[in-house]
Colleague: 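I have a structure here, written as structure tokens, and I will follow up with some questions on it.
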2 protein chains.
Amino acid sequence: MTAQKNAGGQGPGETEEEACREVLQILALIGDKWSILVIGQLRDRTLRFGELHRAVTGISQRMLTLTLRQLERDGLVTRTVHACVPPRVEYALTELGTTLLDSVVAFGQWAATHRKEICDNRRRYDAAHPPRKRP
Amino acid sequence: MTAQKNAGGQGPGETEEEACREVLQILALIGDKWSILVIGQLRDRTLRFGELHRAVTGISQRMLTLTLRQLERDGLVTRTVHACVPPRVEYALTELGTTLLDSVVAFGQWAATHRKEICDNRRRYDAAHPPRKRP
DNA sequence: CAGCATCCCGACAGATACTG
DNA sequence: CAGTATCTGTCGGGATGCTG
């Protein structure tokens with residue numbers, strides 16, 4: 001099925017290399033510590049900056065801003081400024097953002113399913129490979 | 001569906017917080033630039049260290065070693081040393097590793113499908129938000 | 001061949017202070 | 001309230017050199 005293979009396929013002068021890089025770049029998005037957490041918070045309702053800041057425990061103001069900017073840039077969230085005082089800025093998931101979240105959750109299923117197994121593997125490995133002795 | 005919710009669920013004294021952290025940690029695994037590339041190379045055959053080094057373009061010896069150690073620790077790949085000279089070390093995907101790859105590929109579908117859309121969004125955003133003027 | 005040890009640099013996260 | 005600006009420390013990761 002070439003149509004399948006070419007879903008989101010390369011453009012005319014585009015190499016597979018380039019496409020691969022882009023995909024990796026997108027994968028990195030979900031590896032990002034904060035992105036998924038922020039998106040997760042926006043799952044079922046729009047939130048204000050401060051609400052997000054409180055909801056995502058541990059994130060700094062700076063990181064929240066940067067993360068939101070990136071998500072906005074990618075078209076995963078919308079940023080709506082209400083012209084009033086005090087300022088009121090609301091963030092919401094776009095449809096694209098929702099589909100991303102769904103996919104990530106699907107992958108999260110894998111992680112949840114194999115979490116224990118992986119942790120066990122780690123413990124076993126660490127037991128078998130003790131931290132260097134210094135005689 | 002509580003059974004669903006508890007797939008890979010928490011142990012006795014384990015908080016949801018901790019479980020969440022672990023899942024995030026696993027998600028970070030695939031955000032890692034090299035992990036997926038290495039795993040991808042091992043998709044259909046076992047490879048030697050040098051072969052991997054050549055196959056994964058751009059990776060440094062150091063990063064390849066570290067990546068492989070992490071994957072081995074997590075039980076995603078096996079490391080087999082053949083006692084001969086010159087040394088011969090072979091890496092292969094475990095079953096767990098295979099299921100991970102499958103899941104990642106599934107997510108990769110999402111990325112491939114929306115790649116263009118995201119890139120367009122970025123271009124549009126960058127056009128609308130020119131890099132700061134300094135008067 | 002496979003891989004560990006060391007040095008080193010740039011990127012990036014956190015804290016803090018200031019502004020529309 | 002919702003940011004921006006700046007400084008600073010850390011840390012990932014590349015290059016290099018040495019071993020089993």
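Here is how names work: the chains are called A, B, and so on, in the same order as the sequence lines, proteins then strands, and each is numbered from 1.
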Colleague: Under the side chain to side chain contact (heavy atoms under 4.5 Å, CB included) criterion, do B/Tyr91 and B/Glu51 qualify, and how do the steps go?
Modeller: CA-CA 10 Å; B/Tyr91 294 92; B/Glu51 292 178 308; over 6 Å; no
Colleague: Would you kindly give the CD-to-P distance between A/Gln70 and C/dC12, to the nearest whole Å?
Modeller: 11 Å
Colleague: So, are B/Arg115 and B/Glu117 salt-bridged, with charged N and O less than 4.0 Å apart?
Modeller: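 Between B/Glu117 and B/Arg115 there is no salt bridge, as every charged N stays at least 4.0 Å from the carboxylate O atoms.
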Colleague: As an exercise, state the distance from CZ of B/Arg88 to CZ of B/Phe49, rounded to the nearest 0.5 Å.
Modeller: 14.5 Å
Colleague: Classify the ring geometry of A/Trp110 against A/His114: parallel below 30°, tilted from 30° to 60°, perpendicular beyond 60°.
Modeller: tilted
Colleague: For B/Asp120, run the salt bridge (charged side-chain N to carboxylate O under 4.0 Å, His left out) check against B/Arg124, B/Lys116, B/Arg123 and tell me which one passes.
Modeller: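 With B/Asp120 as partner, salt bridge (charged side-chain N to carboxylate O under 4.0 Å, His left out) holds for just one option, B/Arg123.
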Colleague: Is the shortest side-chain N/O distance from A/Arg79 to OP1 or OP2 of D/dA2 below 4.0 Å?
Modeller: no
Colleague: Can you tell me the distance, in whole Å, between the OH atom of B/Tyr91 and the P atom of C/dC1?
Modeller: 15 Å
Colleague: Would you kindly give the CG-to-P distance between A/Leu68 and D/dT4, to the nearest whole Å?
Modeller: 10 Å
Colleague: Between C1' on D/dG3 and CD on A/Glu90, what's the gap in Å once rounded to a whole number?
Modeller: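 Distance, rounded to whole Å: 16 Å.
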Colleague: Between P on C/dA13 and CG on A/Leu37, what's the gap in Å once rounded to a whole number?
Modeller: 14 Å
Colleague: Name every residue in residues 44-67 of chain B that has at least one heavy atom under 4.0 Å from any atom of DNA chain C, in order of residue number, or write none if there are no such residues.
Modeller: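 Under 4.0 Å from DNA chain C: B/Arg48, B/Phe49, B/Gly50, B/Gln61, B/Arg62, B/Thr65.
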Colleague: Measure from NE2 on B/His82 to P on C/dA2 and round the result to the nearest Å.
Modeller: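 Going from B/His82 (NE2) to C/dA2 (P), I get 11 Å.
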Colleague: For B/Asp32 and D/dG13, give me the distance from atom CG to atom C1', rounded to whole Å.
Modeller: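 About 11 Å, once rounded to whole Å.
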Colleague: Do you know the tightest heavy-atom contact between A/Leu47 and A/Arg45?
Modeller: CD2-NH1, 3.2 Å
